[in-house]
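Working notes for the structure below.
Within every chain, numbering begins at 1; the chains are lettered A, B, ... in the order of the sequence lines, protein sequences first and strands thereafter.
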Protein chains: 2
Amino acid sequence: MKTHTESEENYIKALYHLGGEQPVSNGDLAQRVGAKGSSVTQAVKRLGQKDLVNVVPYKGVQLTPKGIRLAKSILRKHRLWETFLVDKLGFGWDEVHPLAEQLEHIQSEELVDRLFQFLGSPKHDPHGDPIPERDGQMPPVLGQPIGAFTAGAEIRIVRVEDAGSEFFDQLDTMNINLGNTYEIRTISAFDASVELGSPTGSFWLSQSMCANIYAVQS
Amino acid sequence: MKTHTESEENYIKALYHLGGEQPVSNGDLAQRVGAKGSSVTQAVKRLGQKDLVNVVPYKGVQLTPKGIRLAKSILRKHRLWETFLVDKLGFGWDEVHPLAEQLEHIQSEELVDRLFQFLGSPKHDPHGDPIPERDGQMPPVLGQPIGAFTAGAEIRIVRVEDAGSEFFDQLDTMNINLGNTYEIRTISAFDASVELGSPTGSFWLSQSMCANIYAVQS
DNA sequence: CTTTTATTTTAGGCAAAGCTAAAAATTATC
DNA sequence: GATAATTTTTAGCTTTGCCTAAAATAAAAG
């Protein structure tokens with residue numbers, strides 16, 4: 001089992017995030033990792049030599065199966081650590097991302113396995129995103145955007161998009177958390193905002209909020 | 001709050017380990033960090049520019065107050081992570097060192113504080129070594145070597161030296177753990193080995209084992 | 001189907017961090 | 001106190017990983 005630098009792992013992660021198994025352009029990758037195009041050209045050349053990506057000059061970069069395996073293992077670590085930080089240490093879900101970006105580079109299969117167990121073999125992280133299994137399998141991506149339901153439906157929040165800290169702040173001030181259940185009261189035909197009802201009252205969610213909150217019928 | 005590279009932190013840690021506040025020779029430092037002398041000369045020059053050490057060429061390197069603060073904060077993280085790994089994840093005390101060496105470089109005051117709380121504000125790590133406080137204060141270094149007691153004493157194991165994996169294996173096979181209590185039955189005048197007694201029987205410990213096991217009267 | 005614009009790659013630099021081999025300084029020995 | 005042995009530093013090279021500026025290629029516009 002080879003070991004990789006943090007920079008390499010960051011490129012792999014970015015590639016997986018941007019394109020999954022599909023090719024990604026130099027520019028997009030540069031933007032994502034926060035480097036200049038020329039640095040990216042070099043970096044992906046190195047990754048190519050390690051058989052983690054296929055590079056077609058001027059065309060794009062694509063993860064190899066080996067690269068995809070690595071990407072998933074990093075994502076697994078990232079999401080397990082986020083779960084740890086929220087569930088065990090009491091961090092807010094808006095605070096954990098930068099910390100998990102450091103922790104995801106810790107190298108130890110054993111540690112990951114034990115952490116996974118310690119956390120109760122979770123399938124989803126504190127945002128509701130699926131945690132890749134040990135073997136690379138992905139648990140289902142949960143829920144549909146709130147706007148996709150019809151008035152009268154009973155729903156349970158199961159996932160939120162990472163739409164920036166202001167979004168998370170808004171969730172916090174509105175006291176919206178994973179697991180909360182609501183009734184869909186109204187869906188505005190004018191601006192696609194939604195009225196949610198709970199035992200304690202009702203409130204309106206803007207279209208942009210709704211687009212980043214996912215739920216299932218309950 | 002500035003941020004340091006892992007390499008820098010490793011040098012600081014090594015300096016603290018070898019000399020504490022006292023100066024350390026280039027050679028000793030090189031040995032400890034596993035680099036050549038020439039690399040060390042460069043490295044300490046960099047550290048000097050950051051005001052973490054004072055360098056007197058050909059004479060030695062010494063931590064500054066700032067360097068000592070950093071060293072203690074790294075040690076604090078190291079020992080807290082070791083505690084986490086043993087207490088929460090069930091690692092053996094012989095396995096945790098290399099992992100903690102990775103985890104100790106994670107940068108976040110908040111994380112350290114929360115981890116500390118989560119672990120129940122421990123004063124000592126799984127080996128019984130003191131965990132530096134937030135403000136740099138050091139809890140007491142516990143116990144005396146087993147050979148320092150007199151026959152008849154009731155003792156409790158409170159600390160073990162990190163004397164390599166074979167030592168830890170031996171502790172494991174003899175089922176010796178922190179917190180265990182014994183009676184000192186005999187101290188050999190011939191080879192300084194010691195006979196310990198417990199409710200379930202008695203056994204002998206070699207002089208070298210004793211030298212690395214620390215206890216208090218109980 | 002050229003020309004302009006945008007993207008990507010090359011070329012050349014820089015800093016961190018390691019190395020080896022040679023020079024300089026210190027310490028030990030006679 | 002002069003010489004030998006050890007330690008430390010300098011000098012010069014390597015790799016990773018980033019940068020800027022210039023050249024090359026691809027895409028868009030006329």
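Rounding to whole angstrom units, CD of residue A:Gln31 and C1' of C:dT8 are separated by 16 Å. Atoms CD (A:Glu8) and P (D:dT16) sit 8 Å apart, rounded to a whole Å. Rounded to whole Å, atom C1' of C:dG18 lies 10 Å from atom NZ of B:Lys36. D:dT20 atom P lies 13 Å from atom CD of A:Gln42, rounded to whole Å. Across the protein-nucleic acid pair, B:Leu29 atom CG and C:dG18 atom C1' stand 14 Å apart, rounded to whole Å. Rounded to whole angstrom, the span from the CD atom of A:Glu9 across to the C1' atom of D:dG17 amounts to 15 Å. As a whole-Å value, the separation of A:Lys45 NZ from C:dT9 P is 9 Å. In this structure, A:Asp28 atom CG and C:dT7 atom P are separated by 10 Å, rounded to whole Å.
The aromatic rings of A:Phe84 and B:Phe118 sit perpendicular, their planes meeting at an angle over 60°, well past the 30° parallel limit.
Of the residues near DNA chain D, A:Lys59 and A:Ala35, the one whose nearest nucleotide (by heavy atom distance) lies more toward the 5' end is A:Ala35. Ranked by how close their nearest DNA chain D nucleotide is to the 5' end, A:Tyr11 and A:Tyr58 are led by A:Tyr11.
Aromatic pair B:His78/B:His97: centroids less than 6.0 angstrom apart.
Between B:Ser39 and C:dA17 there is no side-chain N or O to OP1 or OP2 distance below 4.0 Å. Applying the 4.0 Å criterion to OP1 and OP2 of D:dT8, one finds that B:Ser38 has every side-chain N and O outside that range. Here B:Arg46 does not reach the OP1 or OP2 of C:dA16: none of its side-chain N or O atoms lies under 4.0 Å away.
Contact check on B:Arg76 versus B:Glu104 returns no salt bridge, with no Lys/Arg side-chain nitrogen under 4.0 Å from an Asp/Glu carboxylate oxygen.
Within 4.0 Å of A:Ser7, counting heavy atoms only, lie sugar-phosphate atoms of the nucleic acid but no base atom. Within the nucleic acid shown, B:Gly37 comes within 4.0 Å of at least one base atom, counting heavy atoms only.
Side chain of B:Gln62 to main chain of B:Val55: no donor-acceptor pair is present (N/O by atom type, distance under 3.5 Å, no hydrogens or angles).
Counting heavy atoms from C-beta outward, A:Ile146 and A:Met209 have side chains that stay 4.5 Å or more apart.
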